[in-house]
2 protein chains.
Amino acid sequence: MTIAHLIDDDDAIRDALAWLLRSRGVASRAWSSAEAFLADYCGEMRGCIVLDIRMHNMSGPELFERMVELGCSMPIIFLTGHGDVPLAVNAIKRGAFDFIEKPFNDNELADRVIDALRIDAERSSQAASAATIEGRLAQLTSREREVMDLVLAGKFNKVIADELDIAMRTVEVHRARVFEKMGVRSAVELAQLLVGRAKTD
Amino acid sequence: MTIAHLIDDDDAIRDALAWLLRSRGVASRAWSSAEAFLADYCGEMRGCIVLDIRMHNMSGPELFERMVELGCSMPIIFLTGHGDVPLAVNAIKRGAFDFIEKPFNDNELADRVIDALRIDAERSSQAASAATIEGRLAQLTSREREVMDLVLAGKFNKVIADELDIAMRTVEVHRARVFEKMGVRSAVELAQLLVGRAKTD
DNA sequence: ACCGCCATTGTGGATATCCGCAAGCATGGG
DNA sequence: CCCATGCTTGCGGATATCCACAATGGCGGT
């Protein structure tokens, strides 16, 4: 379910946002505080977050910080009523999706929310395939990972055998298992699959 | 030469910035308008840019836009005196390095400039190696590129020969030339080298 | 016409990879 | 004690890759 998560302690704003988004076909759910949202938060949530900067207790940036720590990847749109440039700059640099001043233009905000939802949908599918790869990597035994790393370094089985001080045949077996478990048929495909990934992660 | 390029139509600000940076061991050069800077600009310039938002004629954001079009990769630090949040958000999202409000804290600004110079130095070395790779790719003949793409797709020489309707021996020759020109010794190394690169670019 | 560059192909041999078959050894759980 | 899992190794053969040597033909520039 891809919805907009609205977090604002102003009832009127929440209602207005919900109504606005509903009119554009976007589902939403609202919370009246950062704490309330955190209580309901789980990593599987998808969609985007519309977050007021200034709230009782935990502020928008504080919640943002917390979400980053929790590994939340939902795009976050900040709403602010008092144009704090350093805050905005910081938020964007830390990966916030947008930073919009109140009073906002309804259409513009709705457009940004829809953009954010689209971005999240794209990121989710990418994350899913990344998770598949991670799952396959997790199936490898430690020895297989060692061999895989050396294979990815472009070394010959002979060299790998020498470095690990085992027979070449053993390397071949591990290598074949790696290919099988990772679902590839050659070292090149393996390299393609693992582009930009750190060793033995 | 890694220096800070100061662009501001206020003489006092330029002088103050130059003095401040000099006291931190950072060389700088100043321009009194965006046009004057553009007239001197060349793609080989290294360092960072400190740019006032509001200037006669061409404004900071306009110059930024122009620099992006020119492919300038120097980090840009904006200086602004009137906290325009949308402007700041836009600048950061488009890749500006920072956006600092006047009156600024001297040490803080100098720190940011130094950070920017460091980032530029890192990017420059990366760009240099990328340029090396591009240069090597440019040495390949079109046929060699075709073969390389198929090799990177993990296909056997036999299959490649079939697809290109040439003899396997010919594929071997092209393949060897590709390895030689690209400075690698195996298909895996080639894949490592070209991670994230588009086909036949 | 000559030369350089590129694409093409062949032969033959040295290396490497891929893989089924078979098996020994250690470790940890039922 | 038996069994599953993982790491290890050997043998032998089918494939693939790597490479030196050798050669033909097209194309563009001198």
Side-chain angles (χ1 to χ4, degrees), chain A residues 131-195 197-201, chain B residues 131-195 197-201:
Chain A
T132 301
I133 295 176
E134 290 298 331
R136 291 179 179 173
L137 280 174
Q139 289 180 351
L140 299 178
T141 67
S142 60
R143 201 55 157 168
E144 285 163 355
R145 254 191 295 274
E146 275 185 283
V147 172
M148 185 183 76
D149 288 342
L150 295 172
V151 167
L152 287 177
K155 298 181 179 177
F156 292 135
N157 287 350
K158 159 188 290 193
V159 178
I160 297 173
D162 195 57
E163 287 191 21
L164 296 182
D165 200 38
I166 54 180
M168 220 178 72
R169 184 66 183 91
T170 309
V171 175
E172 291 173 19
V173 172
H174 288 316
R175 183 189 182 113
R177 280 225 179 295
V178 169
F179 287 176
E180 184 191 344
K181 288 183 178 177
M182 297 302 292
V184 298
R185 291 175 58 249
S186 71
V188 176
E189 284 183 29
L190 186 64
Q192 303 272 356
L193 196 66
L194 300 181
V195 286
R197 192 173 303 274
K199 290 193 173 200
T200 319
D201 56 349
Chain B
T132 301
I133 295 177
E134 291 298 331
R136 290 179 180 173
L137 279 175
Q139 289 179 350
L140 299 178
T141 66
S142 60
R143 200 56 155 168
E144 286 163 356
R145 254 192 294 274
E146 274 184 283
V147 171
M148 185 183 77
D149 288 342
L150 294 172
V151 167
L152 287 176
K155 299 181 179 177
F156 291 135
N157 287 351
K158 161 188 289 192
V159 178
I160 297 173
D162 195 57
E163 288 192 21
L164 295 183
D165 199 40
I166 54 179
M168 219 178 73
R169 185 63 186 93
T170 309
V171 175
E172 290 175 21
V173 172
H174 287 318
R175 183 189 182 114
R177 281 226 178 293
V178 168
F179 287 175
E180 183 190 345
K181 288 183 178 176
M182 298 302 293
V184 298
R185 288 176 59 248
S186 71
V188 176
E189 283 183 29
L190 186 63
Q192 303 273 359
L193 196 65
L194 300 182
V195 286
R197 192 172 303 273
K199 290 193 172 199
T200 318
D201 57 348

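Labels below follow one simple rule: chain letters A, B, ... track the order of the sequence lines, proteins then strands, and each chain is numbered from 1. Just so you know, these numbers come straight off a predicted model, no measurement behind them.
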- [ ] Return the minimal non-hydrogen interatomic distance between B:Met148 and B:Leu140, and the atom names on each side.
- [x] SD-CD1, 3.8 Å
- [ ] Classify every nucleotide of nucleotides 5-11 of chain D by which part a protein heavy atom approaches to under 4.0 Å, writing B for the base, S for the sugar-phosphate alone and - for neither, in 5'-to-3' order.
- [x] -SSSBBB
TODO: Please state how far atom CZ in B:Arg185 lies from atom C1' in D:dC18, giving the value in whole angstrom units.
DONE: 11 Å
TODO: Quick one: pull up OG1 in A:Thr170 and CD1 in A:Ile160 and give me the separation to the nearest 0.5 Å.
DONE: 12.0 Å
Task: Sub-4.5 Å side-chain heavy-atom contact between A:Leu137 and A:Met182 - done: yes
Open item on the list: Tell me every residue that passes salt bridge (Lys or Arg N to Asp or Glu O under 4.0 Å) with A:Arg143, counting only those two or more places apart in sequence or in another chain.
Closed with: A:Glu146
Task: Of all pairs that satisfy side chain to side chain donor-acceptor pair (under 3.5 Å), the ones with a partner from residues 179-195 of chain A, not counting sequence neighbours - done: A:Glu144-A:Lys181
Task: First-last contacting nucleotides on DNA chain C - partner chain A, under 4.0 angstrom, heavy atom - done: C:dA16 to C:dC21
TODO: Please identify each residue that fulfils salt bridge (Lys or Arg N to Asp or Glu O under 4.0 Å) with A:Glu172, with sequence neighbours left out.
DONE: A:Arg169
Task: Results of side chain to side chain contact (heavy atoms under 4.5 Å, CB included) for A:Ala187 - residues two or more places apart only - done: A:Val151, A:Arg175, A:Phe179, B:Val188
- [ ] Determine to 10° how strongly the helix from C:dA1-D:dT30 to C:dG30-D:dC1 is bent, judged from the axes of its five-pair ends.
- [x] 30°
Task: Criterion side-chain contact (heavy atoms from CB on, under 4.5 Å) on B:Val171 and B:Leu150, from CA distance to verdict - done: CA-CA 10 Å; B:Val171 175; B:Leu150 294 172; over 6 Å; no
- [ ] Just jot down the side-chain hydrogen bond (donor to acceptor under 3.5 Å, both in side chains) partners of B:Arg177, sequence neighbours excluded, or say none.
- [x] none
Open item on the list: Holding to side-chain hydrogen bond (donor to acceptor under 3.5 Å, both in side chains), I want the full list of residues that pass it with A:Glu163, two or more places apart in sequence or in another chain.
Closed with: A:Lys155
